[in-house]
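Below is one structure, written out as structure tokens, with a few remarks after it.
All values reported here derive from a predicted model rather than from experimental measurement. Every chain is numbered from 1 and lettered A, B, ... according to where its sequence line falls, protein lines coming before strand lines.
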Number of protein chains: 2
Amino acid sequence: MAIPFDVLAEPSRRQILDLLLERPRLVGELTEHLGLTQPGTSKHLRVLREAGLVRVRRDAQRRWYELCPEPLREVDAWLAPYRRLWTDRLDALERHLDTMPEPPAATGEPDAPDGEAP
Amino acid sequence: MAIPFDVLAEPSRRQILDLLLERPRLVGELTEHLGLTQPGTSKHLRVLREAGLVRVRRDAQRRWYELCPEPLREVDAWLAPYRRLWTDRLDALERHLDTMPEPPAATGEPDAPDGEAP
DNA sequence: GGGCTATATAACCGCAAGGGCATGGAAGCC
DNA sequence: GGCTTCCATGCCCTTGCGGTTATATAGCCC
């Protein structure tokens, strides 16, 4: 599966995800927040749906859109090696400030910033 | 400062960053790896430069491009609340599979989403 | 200086994506 | 049944972006 960076490049789509982060929402509700027309919102929702980032639940004529954050793990995975670059810097700072008597000379896990274990 | 998602949406630009993750490189070297023309590479490098994701060091006629990962922290910050979501979701799924003897497996889907392939 | 290398910029093109309008289609309500 | 609500889809149109070719600029080497 491709990294959904192109899907996230759209500010409106990121805003949709941010809104769905709080709770599931109806299309009309999202349209109101986005300041777009309803078809425009539906178009973005279609893109998000096909990227697996949102999920829809039917309720009569209404559609409840809810978040599906799993594909974002691809983004997180791509970001991981870069994150090391600034966390290493932070680690160095912490070591300096702590003035640890003995640095962990053992070659164990240098750091695990977050869940990265598939 | 805007989140550089639009900059990262380009596969070639992500590839440039991946290449610069190993070591600084010359434009010609990047061009070779990308399979683009040299002006195309320079264009992408300009976008990355203006986003603060790379930095140039002049060396005679050559330009050494090196990585500047700081703006990626914005991406990481945006991603943070979602990251918490999928780890929670995995935990919930594990608990669910532990307690649930078997899924309903009903006949037919009462909640099938809209047709996907016209 | 002349020529070559390495890179940036300009001009141009093709195409796809975002946005709006109008319409279609399902499902409540009277 | 007819009207309305809520949403998806189908056409436009326009803009912007990625890509290429041609050209400009800077610095080395002979």
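If you measure from atom CD of Q15(A) to atom P of dG19(C), you get 11 Å, rounded to the nearest angstrom. Distance, L8(B) CG to dC17(D) C1': 16 Å, rounded to whole Å. As a whole-Å value, the separation of L48(A) CG from dG18(C) P is 10 Å. A straight line from CG of L45(A) to C1' of dG19(C) spans 15 Å, rounded to a whole angstrom.
Looking at residues two or more places apart in sequence or on another chain, you find a side-chain contact (heavy atoms from CB on, under 4.5 Å) between P81(A) and L21(B). For R14(B), there are no salt bridge (Lys or Arg N to Asp or Glu O under 4.0 Å) partners at least two apart in sequence or on another chain. Remark: Y65(A) pairs with no residue by the ring-ring contact (aromatic ring centres under 6.0 Å, His included) rule, at least two apart or across chains. Contacts of Q61(A) classified as side-chain hydrogen bond (donor to acceptor under 3.5 Å, both in side chains), with partners at least two apart in sequence or in another chain: none. Contacts of D6(B) classified as salt bridge (Lys or Arg N to Asp or Glu O under 4.0 Å), with partners at least two apart in sequence or in another chain: none.
Listed by first and then second residue, the salt bridge (Lys or Arg N to Asp or Glu O under 4.0 Å) pairs that reach into residues 35-53 of chain B are R46(B)-E50(B), sequence neighbours excluded. Listed by first and then second residue, the side chain to side chain donor-acceptor pair (under 3.5 Å) pairs that reach into residues 23-32 of chain B are E22(B)-R25(B), R23(B)-E29(B), R25(B)-E29(B), T31(B)-T41(B), sequence neighbours excluded.
Taking 4.0 angstrom as the limit, R62(B) places none of its side-chain polar atoms (N or O) nearer than this to OP1 or OP2 of dC28(D). Distances shorter than 4.0 Å separate none of the side-chain N or O atoms of Y65(B) from OP1 or OP2 on dA6(C). Phosphate proximity of dA8(D) to R46(A): absent, as no side-chain N or O sits under 4.0 Å from OP1 or OP2.
Ring centers of W86(A) and Y82(A): at least 6.0 Å apart, outside the cut-off.
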Grab the N/O contacts between the protein and nucleotides 19-27 of chain D below 3.5 Å, and write none if there aren't any.
unit_1	atom_1	unit_2	atom_2	d
dG19(D)	OP2	H44(B)	NE2	2.6
dG19(D)	N7	K43(B)	NZ	3.4
dG19(D)	O6	K43(B)	NZ	2.4
dT20(D)	OP2	T37(B)	N	3.3
dT20(D)	OP2	T37(B)	OG1	3.2
dG27(D)	OP1	R58(B)	NH2	3.4

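If you check residues 22-33 of chain B against DNA chain C, the residues with a heavy atom closer than 4.0 Å are L26(B), V27(B), G28(B), listed by number.
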